[in-house]
Amino acid sequence: MAFKQGLEQKLEQIQNKKMAQKQTISIKVAGAAGQGVESGGQGISKALRRGGLHLFGVSDYMSLIKGGHNFFQITLSNEAVYAHTEKFHLFISFDPQNVEDTLSHIRELHEGAGFIVDADTALKPEITATLQEVGANLFAMPLSKLAADLGGSKIMMNTVALGGVAGLMKLPFEKLEGVIRENFGKKSNEIAEKNIAVAKAGYEYAIQNYASQFKFSLPYNLQMGDKMLINGNEAIAMGSYTAGCRFISAYPMTPGTSVFEWFTKRNAQLGVVTKHTEDEIAALCMAIGAAQAGARSMTTTSGGGFCLMVEALGLAGMTEVPVVVVNAMRGGPSTGLPTRTEQADLLFAINASHGEFPKIVLTPGTIEQCYDAGVRAHNLAEKYQVPVIILTDQLLAGQVRDTDLSAFYTPEIDRGKFISKEQLDKLEGEYLRFAFTEDGVSPRALQGHPKTVHAPATDEHDETGHITETADNRIKMMNKRMHKLEVARSEMKGPEFYGPENADLTMIVWGSTYGAAREAVDLFNRDEKNKEKINLLHFYEVWPFPTKAAEEALKKTKFTISVEQNYTSQFARLLKVETSHDVKVKINKYDGRPLAPEEICVHVQNVLKQAQLATA
Amino acid sequence: MAFKQGLEQKLEQIQNKKMAQKQTISIKVAGAAGQGVESGGQGISKALRRGGLHLFGVSDYMSLIKGGHNFFQITLSNEAVYAHTEKFHLFISFDPQNVEDTLSHIRELHEGAGFIVDADTALKPEITATLQEVGANLFAMPLSKLAADLGGSKIMMNTVALGGVAGLMKLPFEKLEGVIRENFGKKSNEIAEKNIAVAKAGYEYAIQNYASQFKFSLPYNLQMGDKMLINGNEAIAMGSYTAGCRFISAYPMTPGTSVFEWFTKRNAQLGVVTKHTEDEIAALCMAIGAAQAGARSMTTTSGGGFCLMVEALGLAGMTEVPVVVVNAMRGGPSTGLPTRTEQADLLFAINASHGEFPKIVLTPGTIEQCYDAGVRAHNLAEKYQVPVIILTDQLLAGQVRDTDLSAFYTPEIDRGKFISKEQLDKLEGEYLRFAFTEDGVSPRALQGHPKTVHAPATDEHDETGHITETADNRIKMMNKRMHKLEVARSEMKGPEFYGPENADLTMIVWGSTYGAAREAVDLFNRDEKNKEKINLLHFYEVWPFPTKAAEEALKKTKFTISVEQNYTSQFARLLKVETSHDVKVKINKYDGRPLAPEEICVHVQNVLKQAQLATA
Amino acid sequence: MVITQEKTQVTVKDFKTDQKSTWCPGCGDFGILSAVQTALINAGIAPWQVMLVGGIGCGSKLPDYIRANGYMTLHGRASSIASGFHLANTDLVTIAISGDGDGFGIGIGHLVHNMRRNMDIVHIIENNEVYGLTKGQYSPTSKRGFKTSTSPEGAIEFAINPLSLAVSAGATFVGRSYSGDPKHAAEIIKLAIEHKGYALVEILQTCPTYNKGQNNDWYKAQTYKIKEENPNYDETNMLHAFELALKDDGRYPMGVLYHNTERPSYTEQVPALQQNKTALINHSLELKADLFEQLKKSYV
Amino acid sequence: MVITQEKTQVTVKDFKTDQKSTWCPGCGDFGILSAVQTALINAGIAPWQVMLVGGIGCGSKLPDYIRANGYMTLHGRASSIASGFHLANTDLVTIAISGDGDGFGIGIGHLVHNMRRNMDIVHIIENNEVYGLTKGQYSPTSKRGFKTSTSPEGAIEFAINPLSLAVSAGATFVGRSYSGDPKHAAEIIKLAIEHKGYALVEILQTCPTYNKGQNNDWYKAQTYKIKEENPNYDETNMLHAFELALKDDGRYPMGVLYHNTERPSYTEQVPALQQNKTALINHSLELKADLFEQLKKSYV
Ligand SMILES: Cc1ncc(C[n+]2csc(CCOP(=O)(O)OP(=O)(O)O)c2C)c(N)n1
Ligand SMILES: Cc1ncc(C[n+]2csc(CCOP(=O)(O)OP(=O)(O)O)c2C)c(N)n1
Ligand code: SF4
Ligand code: SF4
Ligand SMILES: [Mg+2]
Ligand SMILES: [Mg+2]
């Protein structure tokens, strides 16, 4: 189902209901690539967060380096917040002359919202007209003038604008000041101070001139304390590192690259070998080589690069080498929408590579789960001696949300049946790399010790690793390898509910869709009529499929719909084959833009209406 | 389920039942690689076939060039025959000193069977003892002596042995003579005549000395006429050629190579451009380049090479380029069992490449269907402008069966919405390569005409092919592309039954498993008690899945079991998600050896027994 | 290439498109785009007589910004796809377009093999010594010590020498130019088009966003024209080409480094293309009944 | 390689295995196997101190037929996997083993890039100028005109020149030997092992099954030792190496063609390996609490 088709009206109805406790303010910073949208958005986010607000931030960008049109969206709240919103309250544009995009943003402004632009810009009449139409205020601030006068350069007009935002949001100025000092202080103190001066000017200008017109506000929670604003990819990287990952080889591909760059930037500090390879084939092959040697290893990519890795994935499966692959999905097929989000690689990842071998697929949905997935991926990989895929996506890779430091726990490193050097010294008898065992997992000793000489083959092999084609051995080895999948299945985490028990309708979601669906649960149920109407069931460890837990959970549902960012409802298909459960309705979005909670609510309302009609 | 586990006894029971009309004789030629097992097997097959017998031939070989142990199995019958048998009647060995393998063959001999070896070989006592045990006759023929005496070289001992086989089978000698003349005549007349002389000597020696001991015989049907002995890969190649394929680029990989070599050997004669590339990535990319230019194009490979092609598969899907990919499956994962058979790439092929786009997957089960798949693949590819995958396997790739010449029909070439040069000359207005249409298929004109200038992108693009990221266009383009899958679905061929209607049990099979399952139907039902007990339902065009036809067919079944050459019952999983049908029992074989009809019968009998117990 | 089509009178207008470029202001790719256009105009090749096969990268998007046949494909595969296209339609002038990452990094295998095959195509590689589109990682041509997000302490790899590699791999035309001199670049591209066999044209390219140091001024100082410095330079001598390519004085020789006109192109040797003197896509798809019968009979 | 382990007294017995070889009788791979063994013995490297990473092909199966650490991997990827292994465990001598199809065909991209990086491994490429394991198709090193199932009229491609390519790609050690002279081959392999950086050893190999013409007699006539013919040959001179590699007299020079001892190896420059003078796999996996805290705080 495509979105935004005659749904605006219903959307309004939902939004106009009073939302009891949870209040949100949404801000959008827009401009051309290279104009500082991303850094500005991140900066003001940090300041507002430190003020004591919950915050969700995500950027929308085109596949180009300069020009075009990007934006950064911030949702602020007095409660935890997990997604962007469709409508927003404050809009800062650095390229208001881009009429088409500007208008489309303005149309999404709430009544009473504000639009900050440089007073020097001569706005096109359509823009002012539309502003009036939606009932939003024009805050034409002297951005470039203040920047030039006080900072000595128009370049600082972004900072003036951020000051304006802080002013309208009534954020204590020292919060913004702190962030600016941290960000620019590295370059030079002078630059930092100039930026602070212009920010302050913007701050005061906004308070004096517009505060009375901007009626939205949130209570700052001064007790909130430290929270991280870290994105999904950084969380995966940090989880991997804390779980002992010491080798990462990769080839750049949006949106997988930032996992790699987290390591490259810190390679000396962390003692991690990072290798930018010539392609994705080499990326995974090197990681496998390092893993065979004994290092916890990983690679990261996106769909197209993952395609090139599937042969080597089978190598890892066949020779039982623990290795972690991050596939950060983006809009496909092929080059597709390189900077946009999608969840369309699920069945490809699960079935990737020819032949059959065990692999594990994790699909985290939040920043915390990204960290956890990083940790678990490396532990599970080594415990079961299998490749583990972390399937994330552009939306999760780049989003930030105020995150507890404690969620990034100190992991236990579980190396499974790893035989240490000391144990080897005492070993009697021949070491069999692929010994048949009850759980299919063979004790793993590294090459480099006089007692462990062996040479695994990607051909079918016997317990020593030597090539053999006999039918008997083949059957035993297949059983051994595939049995690991069954053992691992029992420790895959089952799905989790969010929202009221006994809801009339349960949304089945996986991966990053959790965020928007969770907000939709809150938004929808907050309407008095809808109290406890909907909840969600979120899957975040999907292969081997946690069938039992899924079946238990499904028993607690009445009417299920799947909500996925893809065309073919891949998760619903998987659920069907694994549990025989047929979701009643499938909601799909595949335009590369992340689902918004309001949008989901509209779908849900339609579904409920139709379902009631159908049973009437 | 692994086979051969305490089932021998039940097997005997089945086999000892008289088989009414259909009689078979099975022959095995064994030896080390390089000893001429394959050529000998092919030669005697041709001669026996020409005598007027139905024939099925398949070889079993190791992954090495010389040495090891290979064999060629021939099943002869007075009726059509689709599979090898587990037990056999005549055994010719060129390496009887390979005791282990020889013994394993001997144990599969019928009582009264014959074992042809060179009289000069001093047989190990275990061998003679086991022969006696199973009640088989030793036919120790003076193979090398006759070869040396009459042909002048021991090398011809193979030919003597084949003469012996012909003698025991009471084949008119001229049939063998004709084949020998054809095969050796190319080299020199003299060699041909010498070989004929030694064959004749073997022929006569066998008749004089052993005919009375060898009690098995089949009636030759002199009216049978011409039939081809062509293997599955050759049939795919020929079908592709007759359907207009003029470009094939490939990289060698067993068992996909022979499709390619069919073309390379004839490239000048047929006017086909054949390109041996540096790897599989280039193989598919070149084929796509040629297809984009307008040539009907293809590539061929096996699982590991297919892995390397999945990125380019998405390129073809996104830019709507018709191209055909043959994936001849072998034992996996990874290098696996390179010369053995498996059906474990089904879900990988269907879900191959990141993102979502339409593709078509054909899974022929017989030589005739291989030809048909070759034809249809190219027509469907161009009609829907999608990549088409032909999924075959080692078993089908290398098997021969007497095949009607008329089964290789003269195809119609359906280029779908192809715009010819002449039509273009008259075209008014702009040509839109990706025009939105009702069926999702856009009229296709080639580059190289003044009116068709365009440049498709693998990024999301508009109707012209230019890159665009807008949400609206994205949704429309996804709908357009994916809709082609729905239109194509209606012309996918549904499954076909073989065997009695209303059978108690239906075997669900796909691809090459048809052969053994079909023979199992005949074998099992021939038992009076079992009359009309089982039938099979064979799927050979599986993606887009012919859901309606499948559901119709499934309604006609009572109790279904899946029989697949893989571990995870991939087809049963697909069937489940597409039709909600749950097969009751899953039979799996994954040791790389092809299922034998007797083996299937044992499984079926077990299933029936247990099912009856369960319902009692 | 063997140019089979008639020369066409074309002008800049013919190549004009509405598509908006996504390149950064000041990017060297603009110069290359104009050089390609000029070369085609001067060679008398119309938009419908050429095929531009792009890989993936900033520069590889070139076919989107010119009105001409094109195909924007996969990262690293332009050479293969262009070769396949060419073999099926020898009537169009086929030009592959890559960045340094695309052509010399992930795509070097195809490059090397198609060079030694002497596939009759032109391959333009826009070398900005960095990965532009993925936001500035070091590339196989980045200088040692170049600091990027994936080489924060400076690249520790030795850069590839594209020209010596091309010569030793068997390319029969090896030229170099620079994005700041579109006139020269156009000349070299035109020569490459007219060459029969694999013609590699490396175009040094400025990337004001991620490789700021190597701006136009820098390149002007670091480049020189081979023929200007040595009017007697013999481009048919392979060893001279090596010597020049390996010369380690930090400066870039520009012009035709190597030109071998003796090797037959791959295309000229393909039986199916030679026996039937028209492009493969014009061959009839009709099945000759006697041939079909003969094929079948051979299996009886 | 920088050999960190102590020399070990080893003999042929230590390398003996029960695994039956699947090579054809008379295959040149037997000679290469014995050369590898001899080189290891002479270099004082025990079976557990070496890592043999094979690609896929007849010759790539070598690690299955010797008692030593090994890993038989994927077609064309030996160089990458060996490089990854080496970076994680610099204590073992890492040797990649490929056929000509594996190393110079499908795997040439990894080869070229790991050479210019100067990865500190040895790469032995067994060149029989044909695809053996897939039953005799022509390979990138097959001579023009070589008739095979995929080149029935004779190959129309120009063979790759592995040595000039290696030199121009940046390999710092380029040697050649031949399967019929295992003693010489062992010497070259030993030198390669002792070299610091990427050492390419091409071993010309007989394939009596699919390349019958180039048998031992043929090779004996066609090969010569560089140092015997020219005792003053200077293997440190890159241009000389080119000249020799390109010499087109149909004969194969054998020995060390090129040896550059000045370039640092990749391994020597990796911060994580240099700051902590033990192999990566011996580094502690323990998480330092203060570092962790600092990492987290940087996001507040
Ligand atoms: C298989 C694959 N891997 C990675 C990418 C991501 N990617 C896009 S462009 C590019 C590199 C661009 O560098 P270059 O070829 O030098 O072109 P430039 O942008 O500098 O012009 C990469 C790695 C991709 N599209 N496909
Ligand atoms: C991805 C992939 N493609 C193709 C193959 C099939 N294959 C196995 S060995 C080989 C070539 C062998 O040639 P070479 O490397 O020269 O080794 P040789 O057998 O001659 O020693 C090929 C193409 C494979 N195993 N994997
Ligand atoms: S990033 Fe560099 S190469 Fe890419 S468009 Fe910008 S300036 Fe050009
Ligand atoms: S085919 Fe050639 S390379 Fe392979 S084992 Fe036989 S002789 Fe050796
Ligand atoms: Mg670049
Ligand atoms: Mg070879």
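Residue numbers begin at 1 in each chain, while the letters A, B, ... track the order of the sequences.
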Quick one: what part of Tyr65(D) sits under 4.5 Å from any heavy atom of chain A, side chain, backbone, both or neither? neither
Using side-chain heavy atoms (C-beta onward) and a distance below 4.5 Å, is Tyr299(D) in contact with Thr403(A)? no
Atom of Phe292(D), atom of Tyr371(A) and distance for their closest heavy-atom approach: CZ-OH, 3.3 Å
Turns out that what part of His449(A) lies under 4.5 Å from chain D's heavy atoms comes down to backbone
What closest approach, in Å, do Thr319(A) and Tyr71(D) show between heavy atoms, and which atom pair accounts for it? OG1-OH, 2.7 Å
Identify which part of Val272(A) has an atom lying under 4.5 Å from any heavy atom of chain D, answering side chain, backbone, both or neither. backbone
What part of Asn69(D) gets within 4.5 angstrom of chain A, counting heavy atoms only: side chain, backbone, both, or neither? both
Quick one: which of Glu286(D), Gln274(D), Arg117(D) has the most heavy-atom pairs under 4.5 Å with chain A, could you say? Arg117(D)
Less than 4.5 Å to any heavy atom of chain D: does that hold for the side chain of Thr468(A), its backbone, both, or neither? neither
Just so I understand: if I count every heavy-atom pair under 4.5 Å between each of Ala457(A), Ala268(A), Pro450(A) and chain D, which residue has the most? Pro450(A)
On a heavy-atom basis, the closest approach of Gly271(A) and Leu280(D) is O-CD1, 3.8 Å
Contact part of Val321(A) toward chain D, heavy-atom cut-off under 4.5 Å: side chain, backbone, both or neither? side chain
Would you mind telling me which of Gly244(A), Cys285(A), Gly294(A) has the largest number of heavy-atom pairs within less than 4.5 Å of chain D? Cys285(A)
Report the distance from atom NZ of Lys421(A) to atom CD1 of Ile281(D), rounding to the nearest 0.5 Å. 6.0 Å
Please rank Thr73(D), Asn89(D), Ile56(D) by heavy-atom pairs under 4.5 Å with chain A and give me the top one. Thr73(D)
Do the non-hydrogen side-chain atoms of Met119(D) and Lys275(A) ever get within less than 4.5 Å of each other? yes
Using a cut-off of under 4.5 Å on heavy-atom pairs, state which of Leu446(A), Asn267(A), Ile467(A) scores highest against chain D. Ile467(A)
Distance, nearest 0.5 Å, that separates CD1 of Ile81(D) from CD of Gln292(A): 9.5 Å
Under a 4.5 Å heavy-atom cutoff, which of Val273(A), Ile288(A), Asp459(A), Val400(A) has the most pairs with chain D? Val273(A)
Quick check on the interface: out of Arg296(A), Arg49(A), Arg266(A), who has the most heavy-atom pairs with chain D under 4.5 Å? Arg266(A)
Bottom line for Leu284(A): the part with an atom under 4.5 Å from chain D's heavy atoms is neither
Could you look at Thr17(D) and say if it's the side chain, the backbone, both or neither that has a heavy atom under 4.5 Å from chain A? side chain
Apply side chain to side chain contact (heavy atoms under 4.5 Å, CB included) to Tyr241(A) and Leu295(D), showing your working. CA-CA 11 Å; Tyr241(A) 170 69; Leu295(D) 285 171; 4.3 Å; yes
Looking at Glu278(A) and Ser80(D), what are the two nearest heavy atoms and their distance? OE2-OG, 4.1 Å
Are more than 12 heavy atoms, taken from residues, nucleotides or ligands other than Glu6(D), located less than 6.0 Å from that residue's CD atom? no
Ile230(A) portion near chain D, given a 4.5 angstrom heavy-atom threshold: both
Once rounded to the nearest 0.5 Å, what's the spacing between atom CD of Gln447(A) and atom CE of Met51(D)? 4.0 Å
For Asp279(A), which atoms come within 4.5 Å of any heavy atom of chain D: side chain, backbone, both, or neither? side chain
Verify side chain to side chain contact (heavy atoms under 4.5 Å, CB included) between Leu405(A) and Val300(D), making sure each step is shown before the conclusion. CA-CA 9 Å; Leu405(A) 276 70; Val300(D) 169; 4.0 Å; yes
Using 4.0 Å as the upper bound for N to carboxylate O, is an ion pair formed by Asp226(A) and Lys297(D)? yes
d(Lys61(D) NZ, His466(A) NE2) to nearest 0.5 Å is 13.5 Å
Give, for atom CG of Asp18(D) and atom OG1 of Thr464(A), the distance between the pair rounded to the nearest 0.5 Å. 10.0 Å
Which atoms of Thr242(A) are under 4.5 Å from chain D, going by heavy atoms: the side chain, the backbone, both sets, or neither? both
Met286(A) versus Asn114(D), closest heavy-atom pair with distance: CE-OD1, 3.7 Å
Which portion of His110(D) sits near chain A, non-hydrogen atoms under 4.5 angstrom: both
Top of Gln19(D), Arg77(D), His113(D) for chain A proximity - count of heavy-atom pairs under 4.5 angstrom: Gln19(D)
If you count heavy-atom pairs under 4.5 Å with chain D, which of Thr410(A), Ile413(A), Ile281(A) comes out on top? Ile281(A)
In terms of heavy-atom proximity below 4.5 Å to chain D, should Lys46(A) be classed as side chain, backbone, both, or neither? side chain
If I measure from the heavy atoms of chain D, does Ala312(A) come under 4.5 Å with its side chain, its backbone, both, or neither? both
Met72(D) side, atom CE; His461(A) side, atom NE2 - distance, nearest 0.5 Å: 9.5 Å
Which portion of Gln49(D) sits near chain A, non-hydrogen atoms under 4.5 angstrom: neither
For Ala455(A) and Ala68(D), the nearest pair of non-hydrogen atoms, with its separation, is CB-O, 4.0 Å
Under 4.5 Å from a heavy atom of chain D, the part of Ala287(A) involved: neither
With the side chain counted from C-beta on, respond yes when Lys451(A) and Trp48(D) share a heavy-atom pair under 4.5 Å apart, and no when they do not. no
